[in-house]
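For reference, the structure is listed below as structure tokens.
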2 protein chains.
Amino acid sequence: MPLDIYDKIMMLAKRRGFIYPSFEIYGGAAGFYDYGPLGSRLKQNIENLWRSFYLLKDNCVEINTPTITLHEVLKASGHVNEFTDLTVDCKNCKTSYKVEGIIDEGENVEDAINNDNVKCPNCSTILKDPYPVNLMFSTTIGIGEGRAAFLRPETAQGIFTNFHLLYRYSREKLPFGIIQVGRGYRNEVSPRQGIIRMREFSMAEAEIFFDPKDKTHHNFNDIKDKELYLFDNEKEIKISIEDAVKNKVINNQALAYYMYLTQEFLISAGVDSKKFRFRKHAPNELAHYAQECWDAELFSERFGWVECVGIADRSAYDLSAHIDSSGTDMYAMRKYDEYKTVDLKKIVPKMDVLGPLFKGNAGKIKMLLENMDLNESKKISVNIDGDSMEIPDNCYEIIETKEKIIGEKFVPHVIEPSYGIDRILYCVLEHNYHETKKKGEEYRLLKLNAIVAPIKVGILPLISDERLVKIAKKIDKNLRNKGIATYYDEGGTIGRRYARMDEAGTPFCITVDHDTLDDNTVTIRDRDTTKQERKKIDDAIQCIKDKINQ
Amino acid sequence: MPLDIYDKIMMLAKRRGFIYPSFEIYGGAAGFYDYGPLGSRLKQNIENLWRSFYLLKDNCVEINTPTITLHEVLKASGHVNEFTDLTVDCKNCKTSYKVEGIIDEGENVEDAINNDNVKCPNCSTILKDPYPVNLMFSTTIGIGEGRAAFLRPETAQGIFTNFHLLYRYSREKLPFGIIQVGRGYRNEVSPRQGIIRMREFSMAEAEIFFDPKDKTHHNFNDIKDKELYLFDNEKEIKISIEDAVKNKVINNQALAYYMYLTQEFLISAGVDSKKFRFRKHAPNELAHYAQECWDAELFSERFGWVECVGIADRSAYDLSAHIDSSGTDMYAMRKYDEYKTVDLKKIVPKMDVLGPLFKGNAGKIKMLLENMDLNESKKISVNIDGDSMEIPDNCYEIIETKEKIIGEKFVPHVIEPSYGIDRILYCVLEHNYHETKKKGEEYRLLKLNAIVAPIKVGILPLISDERLVKIAKKIDKNLRNKGIATYYDEGGTIGRRYARMDEAGTPFCITVDHDTLDDNTVTIRDRDTTKQERKKIDDAIQCIKDKINQ
């Protein structure tokens, strides 16, 4: 079988120090990869480019929470019950499979199983009795029975559980956005798609909290004429952002704005715009928390359209769940311009009855009762650990009163753009991989954009003459002190060294030769055109700075 | 009990958005903390400052490996057997304790237990039968029995297991250094020291690989006259680096160089030089892998001297262990200037005998035999999974031959500076925390160095007049676009806003007032002197850039 582009990229990635399979000296483990010196920098550059969109253009702030997450948090968020894959075991060869991975695309799982259509890819035994498997890695905090915990399936919960503190940090004004960049985990049953399906991966997530009555975005006017590439599961369309929102193709301004930001980010990172589209989730594929979701998909020759970003309207799902489960006041306030005097029907909890009856839950129930909207709910019941529980009427009084109030409380909605950094990184490599021949030999280039390239400029003395080396090292140091990533190389012919830089995706090389000794000039070689320009050293340095916009 | 400085800092940290206890809405969990918007940026700034020392000044490169680590890796590295705390359970109140945490400092554990000196801090029962508890969080990859794995106790193993690839990346030249910044985990039995003893923490580690015959450092001459603050467990001494190495206080140049780099980094980050020292590990406290180790300790009012950095000579320990366990060729080559013809005694393995006898291990044994130095080892034995195993003499031939060789193979040594970022961050807060009174009220400042301060400059219109606001927002945008972290604030009196910025550790504020409308000038306020300078807007922006050296 000839090598496909994935094989070729992964070979180059290993040879040049982008990506290594993890634990290879111990036989490896599917779904784990190491980033070598170049890969680590490429990943950091992509993450920092992403940050510049959210921190600088959208005024979000960043937080950082643990990867180990208490059971209680993920029970409340629905992940303990819902974050599962339907799995089936082969009774003959003892292999386990994710059902979705071994049936035809679009086929109904139940039909396939009932019609004996699901066969073991390994030994062809007919597979029966699928069962859900939770995809979280579990662990225990402390010794003995300890406390149950998981490795987080998403960074988002670390943001939601701090909402009340972050709302205060944001001076109690909506909308505001919080980002988190870090590891996420998914204990795949049997990952078979290399770097596209990792068990430990890097994510960048933004949670932007909105008043549900106002999902406009203050920058919308500036971008409304731009176009988005959408795929509605039947055909691809190109549509202006304004029209998409007006015609309810996209539900609201906020969703549309973050789709646009995503498109801009991906194109800046070097994604090929012809291999990019947004696809809307069909109602039956929405995650348990999502009201509407658009995926940014990138095309890969081996894997087809790959979901790399999900932009979801999670509505009030998560905050409501944590309010119910923890009893913490995580409401926001829609403030009136001035105090209003209103007729209020209010519940006044009686702690002397609630206390003995509900013990540890009494405080939580008190908070939930006090925040209950009596006009909306007819039954006096609260959610405790996922179960609705009616509260006996001797536990409270309902009073009618006139009160001066400053505003009304509500649970904010969340728009969440969530990015899989590793998949984006792989697609950036694939979209920028080029092959050609030079002197009859295979020649490979990565045409990475300067902003993400791990090395911005190679510094090469033409030969290893001490005088040239000295100048080259001085230029190298000068650029490094300006924060520009360089690679100094004096080994091998100049052709081999250019080839090395081309494979590493380095956009420019500065070459020091004998003319440098006479007239203080060097050449700047452009990777994509292979053209060389001759410039004074100081001008060359400035020119590199301008080209890479740093 | 009055609040101590730790309490005060943690209160400020929560109020201002530096640090929140994790999972607080679910009752919290000891040893886990969240970094809020300011804390996350402070942490990133400290990490990036650290990177500038290792990547820029010391030419290291960075890699990035998973936190989940295969059992095989940590078995080989010794962590499965050695990374333990002696623990004791109270049979009365069912609490578990780390023995070291409940005996007097310096007391011998065995003596204390034998003399019935160890009592439950909770119920005073005499505690017996301590047992070792492994401190790694464990998990399982895949479903069913899956594969055993742990959350990494250090980032270092991800570097060692890639040594052969990184050696190739470094063009097979020693010394070279690899860094990794990321999460580490330690499942403490009963952490009781707040942010000083976290179960999930951030580390920054460098592994610098040396030829064991040459632990000099090429920058040594530039720094040899600088002084280090050392503590030899009896007295503190101040000594020049050159003398420390000459007198064998510090074993070699490389160790001394990285101690110096550590001192420079910590002082730049804002550590108080009077609350800083290096302490040498006594032989009985060395980690299982270390030959010599120096801790950089920082003084904290509540916790005393806190180990924040360990600089260890790990010698060939780790690479030898992985060579033995995995059978991978991870040797380096000391190249001769030209080929040498030498008399060699060599083992020639017989695969037709080894194969049937050792099956899966045969290849590994072949590699180990071929690399065995017959002059040094008398017994023909190899290590398989930790057990030494003699190889029957029908499995190989020993031949004497003349060979042209290009160099000799050896296992490199490793010098490892390993930094606990969270502890450093806490000490930076404590060392820069100041209290005073203003108008009879408590007034708190964080005098953070500009390079680590999460916000570099507060932008404040004196009053919320639309004309002032417009100018202030323009200055804010201008600075943000230059990559300078700002905080725009128009809420409350100017005094309150200065106070907010002082508590957040912001070194400068720019205030826009009515004079700005007339003459285009603003004031720059300095946090530490509270002095104000009046400058033209453009000059003020340049002045801020110069002051924060960005």
Side-chain angles (χ1 to χ4, degrees), chain A residues 14 17 20 22-27 29 31-37 39-41 43-44 56 61-70 72-73 87 96 133 137-144 147 151 158 161-162 165-166 169 171 178 183 185 187 189-190 199-200 322 325-326 328 480-481 491, chain B residues 14 17 20 22-27 29 31-37 39-41 43-44 56 61-70 72-73 87 96 133 137-144 147 151 158 161-162 165-166 169 171 178 183 185 187 189-190 199-200 322 325-326 328 480-481 491:
Chain A
K14 188 168 177 190
Y20 311 133
S22 300
F23 325 120
E24 207 185 22
I25 67 170
Y26 292 103
F32 293 94
Y33 289 89
D34 297 341
Y35 286 102
S40 160
R41 234 188 272 164
K43 178 164 161 287
Q44 247 180 63
L56 207 61
V61 293
E62 184 166 358
I63 75 165
N64 232 272
T65 67
T67 57
I68 294 178
T69 305
L70 276 193
E72 289 88 326
V73 173
T87 303
S96 299
V133 165
F137 284 96
S138 63
T139 192
T140 306
I141 301 170
I143 57 170
R147 291 182 76 176
L151 298 183
T161 50
N162 282 315
L165 300 170
L166 297 166
Y169 181 86
R171 316 277 278 278
I178 308 289
R183 300 290 170 91
Y185 303 82
N187 198 358
V189 174
S190 47
R199 282 167 157 157
E200 175 172 345
H322 288 301
S325 299
S326 74
T328 307
R480 289 163 65 85
N481 281 333
Chain B
K14 187 167 177 190
Y20 311 132
S22 301
F23 324 122
E24 206 183 25
I25 66 170
Y26 292 104
F32 293 94
Y33 289 88
D34 297 341
Y35 287 102
S40 160
R41 236 189 270 166
K43 179 164 161 289
Q44 247 179 64
L56 207 60
V61 294
E62 184 167 358
I63 74 164
N64 231 271
T65 66
T67 57
I68 294 178
T69 306
L70 275 193
E72 290 87 326
V73 173
T87 304
S96 299
V133 166
F137 284 97
S138 63
T139 192
T140 305
I141 301 170
I143 57 171
R147 292 182 77 178
L151 298 184
T161 51
N162 282 314
L165 299 170
L166 296 165
Y169 181 85
R171 315 278 278 276
I178 308 289
R183 302 288 170 92
Y185 303 81
N187 198 359
V189 174
S190 48
R199 282 168 157 155
E200 176 172 345
H322 288 301
S325 299
S326 73
T328 306
R480 289 164 63 86
N481 282 333

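Chain letters run A, B, ... following the sequence lines, proteins first, then strands; residues in each count from 1.
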Donor-acceptor pair, side chain of B:Glu62 and main chain of A:Pro37, under 3.5 angstrom: no
Options A:Val133, A:Val189, A:Leu56, A:Thr161, ranked by heavy-atom pairs under 4.5 Å with chain B, top entry: A:Leu56
Residues which pass side chain to side chain donor-acceptor pair (under 3.5 Å) with A:Tyr26, listed by chain and number, not counting sequence neighbours: B:His322
B:Thr65 vs A:Tyr33 side-chain heavy atoms within contact, under 4.5 Å: no
Side chain proximity check, B:Leu151 to A:Leu151, heavy atoms < 4.5 angstrom: yes
Where A:Arg199 and B:Ile141 come nearest, the two heavy atoms and their spacing: NH1-CG2, 3.2 Å
Portion of B:Tyr20 that has a non-hydrogen atom of chain A nearer than 4.5 angstrom: side chain
Pairwise distance CG(B:Leu165) to CD(A:Glu24) - rounded to 0.5 angstrom: 6.5 Å
B:Thr140 and A:Phe137: CA distance, side-chain angles, deciding distance, side chain to side chain contact (heavy atoms under 4.5 Å, CB included) verdict: CA-CA 7 Å; B:Thr140 305; A:Phe137 284 96; over 6 Å; no
Residue part contacting chain A, namely of B:Ser190, when any heavy atom lies under 4.5 Å: neither
Shortest non-hydrogen contact between B:Tyr185 and A:Ile68, atoms and distance: CD2-CD1, 3.6 Å
Reported OG-to-CG distance for the pair B:Ser22 and A:Leu70, which is rounded to 0.5 angstrom: 8.5 Å
4.5 Å side-chain heavy-atom contact, B:Thr67 and A:Thr67: no
For the student: nearest non-hydrogen atoms of B:Tyr35 and A:Ile63, plus distance: O-CB, 3.2 Å
B:Ser138 backbone acceptor or donor facing A:Thr139 side chain under 3.5 Å: yes
Top contributor to chain B contacts, counting heavy-atom pairs under 4.5 Å, from A:Val61, A:Asn187, A:Thr328: A:Asn187
Results of salt bridge (charged side-chain N to carboxylate O under 4.0 Å, His left out) for B:Arg480 - residues two or more places apart only: none
Candidate pair A:Asn64 and B:Asp34, rule side chain to side chain donor-acceptor pair (under 3.5 Å), full reasoning: CA-CA 6 Å; A:Asn64 232 272; B:Asp34 297 341; over 6 Å; no
Heavy-atom proximity to chain A below 4.5 Å, by part of B:Val73: both
